Amino acid sequence: MARRLRSVELDFVDAAPLRLVFAAEVSAAPGKVYRALADDVPGWPCWFTAVTAARPTEGGAGREVRLKGGFVIGETILAAEPGERYAYRADRCNAPGMRALLEEWRLTPAGNGTRVQWTFAADGSAAYRLVLRLARPGMGRAFRTAVRTLDRRLTGSAA
């Protein structure tokens, strides 16, 4: 059963008790990466394997995301800045111990491509925060794999 989480705003990305930040460079341009993040929400499972389903809600102002392990998150989009930033807050989730979550994707030009930075800003019980700290290496690998897969999808390369 999904629980209501604490409503946080964009400043939480810097103020959260736990922040996990990951970055990678891709060859696709910032605009293409942004469109994959913000405009093709149902396409997320094609490149981010932790996501099993995703769909826009509330006329595009929100999302519902299903993750491996049976987790379901109802989200509100807080920032949609084409080619630069996409951020959303979790409003409802069935993950035990989670109290607040905001994810931010920052895109900056890097040569002919894009530097993609993902910040996972969270608050929760002590056990929840410990699990996230222990999961950090796996989340980093998942992020890097997802971004490489997204880049191949966007550039059409098989490598």
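For this chain, numbers begin at 1 and follow the sequence in order. Note that the coordinates shown come from a computational prediction; the quantities given were computed from them, not determined experimentally.
For the pair D151 and E25, the minimum side-chain heavy-atom distance is 4.5 Å or more. Contact of the P56 side chain with the P42 side chain is registered, since non-hydrogen atoms from C-beta on lie closer than 4.5 Å. Between L132 and M139 the shortest side-chain heavy-atom distance falls below 4.5 Å. Residues V65 and E75 form a side-chain contact, since some pair of their non-hydrogen atoms from C-beta on lies under 4.5 Å apart. Contact check for V33 versus V116: side-chain heavy atoms found under the 4.5 Å cut-off.
Pairing each heavy atom of P30 with each of G83, the nearest pair is CB-O, 3.5 Å. Pairing each heavy atom of A100 with each of V8, the nearest pair is CB-CG1, 3.9 Å. Closest heavy-atom contact between T155 and S27: CG2-OG, 3.4 Å.
In this view, D40 and R153 satisfy the salt bridge (charged side-chain N to carboxylate O under 4.0 Å, His left out) rule, not counting sequence neighbours. Shown here are the side chain to side chain donor-acceptor pair (under 3.5 Å) partners of R115, two or more places apart in sequence or in another chain: Q117.
Note: the hydrophobic cluster containing L78 does not contain L107 (ILVMFWY, side chain heavy atoms under 4.5 Å, direct or indirect links). Cluster membership for V21 and F120, using ILVMFWY side-chain heavy atoms within less than 4.5 angstrom, is not shared. Linking ILVMFWY side-chain heavy atoms closer than 4.5 Å, directly or via other members, places V26 and V51 in a single hydrophobic cluster. Under a hydrophobic-cluster definition in which Ile, Leu, Val, Met, Phe, Trp and Tyr are linked whenever side-chain heavy atoms come within less than 4.5 Å, directly or via other members, F143 and L20 are assigned to the same cluster. A continuous path of Ile, Leu, Val, Met, Phe, Trp and Tyr side chains, each step under 4.5 Å between heavy atoms, connects V41 with F71, placing both in one hydrophobic cluster.
In this structure, R89 fails the cation-pi test against F12, since its NZ or CZ atom is not both closer than 6.0 Å to the six-membered ring centre and inside 45 degrees of the ring normal.
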Inset, instruction - Dump the intermediate steps for side-chain contact (heavy atoms from CB on, under 4.5 Å) on R92 and V72, then the final yes or no. - result: CA-CA 8 Å; R92 294 171 317 287; V72 180; over 6 Å; no
Inset, instruction - May I have the step-by-step check of ring pair (Phe, Tyr, Trp, His ring centres under 6.0 Å) for W118 and F22, ending in yes or no? - result: CA-CA 5 Å; W118 176 44; F22 308 97; 5.5 Å; yes
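To the nearest 0.5 Å, the span separating CG on L101 from CZ on R6 amounts to 11.0 Å. With rounding to the nearest 0.5 angstrom, the CZ atom of R4 is 5.0 Å from the CG atom of D91. Between the CD atom of E104 and the OH atom of Y86 there is a distance of 13.0 Å, given to the nearest 0.5 Å. With rounding to the nearest 0.5 angstrom, the OG1 atom of T76 is 9.0 Å from the CD atom of E9. The structure places CG of L102 at 11.5 Å from CG of L5, a figure rounded to the nearest 0.5 Å. In this structure, CZ on R133 lies 11.5 Å from OH on Y128, to the nearest 0.5 angstrom.
Under the 3.5 Å distance criterion, the side-chain polar atoms of T52 are matched with a main-chain donor or acceptor of R66. Using modelled atom types, no side-chain atom of R99 and backbone atom of A122 make a donor-acceptor pair closer than 3.5 Å. Of the possible polar contacts, one joining the W44 side chain to the L37 backbone as a donor-acceptor pair under 3.5 Å is found. Looking at R19, its side chain never comes within 3.5 Å of a backbone N or O of A121 through a donor-acceptor pair. Formation of a donor-acceptor pair under 3.5 Å by the D123 side chain with backbone atoms of P17 is not found in this model. Judged by distance alone, with hydrogens and angles left aside, the side-chain atoms of R63 form no donor-acceptor pair with the main-chain N or O of I73 at under 3.5 Å. At least one donor-acceptor pair under 3.5 Å links the side chain of T114 to the backbone N or O of A28.
N112 CG: 12 or fewer foreign heavy atoms inside a 6.0 Å radius. Within 6.0 Å of the CZ atom in R136, the count of heavy atoms belonging to other residues, nucleotides or ligands exceeds 12.
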